[in-house]
Each structure stands twice: as C-alpha cells, then as structure tokens.
Amino acid sequence: RKEVEQDPGPFNVPEGATVAFNCTYSNSASQSFFWYRQDCRKEPKLLMSVYSSGNEDGRFTAQLNRASQYISLLIRDSKLSDSATYLCVVNTGRGYSTLTFGKGTMLLVSP
Amino acid sequence: EPEVTQTPSHQVTQMGQEVILRCVPISNHLYFYWYRQILGQKVEFLVSFYNNEISEKSEIFDDQFSVERPDGSNFTLKIRSTKLEDSAMYFCASSGWTNEQYFGPGTRLTVT
C-alpha cells in the first residue's frame, strides 16, 4: 500500500464551486498532517496544517480522521487562482521531521 | 515575509561532475531539509539536519550525497559524482519548533 494516496484528478470545477479532496495514509504512527499546494514547476507552499479537531482558514477546511487514516480538504467558493496541485503530506513516523508527500490532486478552476 | 532562498535556479552539469546546491534557510529556523522532485513525480525526502548534524536521511541519500552548514546562514547539498538519474528539482526547506516546513524555490539540476 502506498504511504500517502490521493486521487490525481484533474478536478475541473467552475468558479464559485465547492470541491473536496481526500487522502489516505498508511502509517498509523503518523503525527503531523499538512496540505500544501504546488503550482506548475514551483515549490510546494504550505496551505495549512491539519489538526485532529479539524481546522478552517477562510475558504479552506481540513479534517483528519485518525481511525480511518484519512485527511480531507474542502475548498469553498473556488477562485481561478486556486488552480494548482494539492499535496497531502504526512510525517511517516520514522522521525518527526520526515515528510512523505502524496502525488497530488490537480484542480482546474474555470471561469 | 521571510523566505527560503536557493541558488542557482538552474544548474547544468556533466555526468560524473560534482555539484553544490546552496540554500539560505529562514533566519530563526533550526531544522533544515533537502527534498527532490523528479519531473512528473512526487516530492521525495532526502535528508534533515539539526544542530550541525544529520538527524534523518532516506535511502536515496547515499554516499554520493553530503550536506553542510558552512556558516551561520548557508546550507548546502553536495552531489559528488552526478548521474543522469540525479536530474531533478532540488528543494531546500526549513522549519522552526513546529514541523511546518517552508520550501525554497528550488534548483533545477540537469545532468547530461
């Protein structure tokens, strides 16, 4: 089983739509969870950390389900500028600092 | 807003040559990392560095690779004898006491 699995997409949505991405991870000892976004040929940029209680930052909401080893990201009121690849990132438990990245889910927001 | 910087942005080298990729982490950060991303593939962890020593490394980080913090600001990745398969984007990242890692813009390494 892959360590971090994501649907590669692409997800094609119109501006203003709500879109949700899911991610599963294999290591039950993982302690830190993040969503990053990556634009084409650019560096990953931290979007948000994901906490057990769930967290929200403006139009973005992240949820964590430790029992199912599942992370989600919800984007409300999509903007053209949200078009990017969204990376689910987990520390693997081998060490606090080792991050394992999913391959990413591509989002395309159209006018 | 403080950011991680990397130089050069693009490095072309011949197989067998040594390359040094440079990074300046965010100034008050204590943990430093190198990752690579082969074109079309996922980001992969190479090594983490704390308190002037390697704290973790992946299977990719073999004897051909080394890291150094030669002064108070720079963090370098050296590849001793480059191979074609080393061609990738190399990202430096840094973090403070939390595990939120901030990435630099990357160095595109092309080995010919």
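These figures come from a predicted structure and were not determined experimentally. We name chains A, B, ... by the order of the sequence lines, and we start the count at 1 in each one.
- A/L108 and A/L80 fall into different hydrophobic clusters, defined by Ile, Leu, Val, Met, Phe, Trp and Tyr side-chain heavy atoms under 4.5 Å apart, directly or through other members.
- Taking B/P105, B/S48, B/G106 one by one and counting their heavy-atom pairs under 4.5 Å with chain A, the maximum is reached by B/P105.
- The number of heavy atoms from other shown groups lying within 6.0 Å of CZ (A/R41) does not exceed 12.
- With a 4.5 Å cut-off on non-hydrogen atoms, B/E44 does not touch chain A at all.
- For chain A, the option among B/V43, B/L39, B/V47 with the highest count of heavy-atom pairs below 4.5 Å is B/V43.
- When ring centroids are compared, A/F33 and A/Y25 come within the 6.0 Å threshold.
- B/L46 and B/F91 are assigned to two separate hydrophobic clusters, defined by single-linkage of ILVMFWY side chains at heavy-atom distances under 4.5 Å.
- With a 4.5 Å cut-off on non-hydrogen atoms, B/Y35 touches chain A through its side chain but not through its backbone.
- Looking only at heavy-atom pairs under 4.5 Å with chain A, the residue among B/Q41, B/Q6, B/Q37, B/K57 that has the most is B/Q37.
- No continuous path of ILVMFWY side-chain contacts below 4.5 Å connects A/V19 to A/M106, so the two sit in separate hydrophobic clusters.
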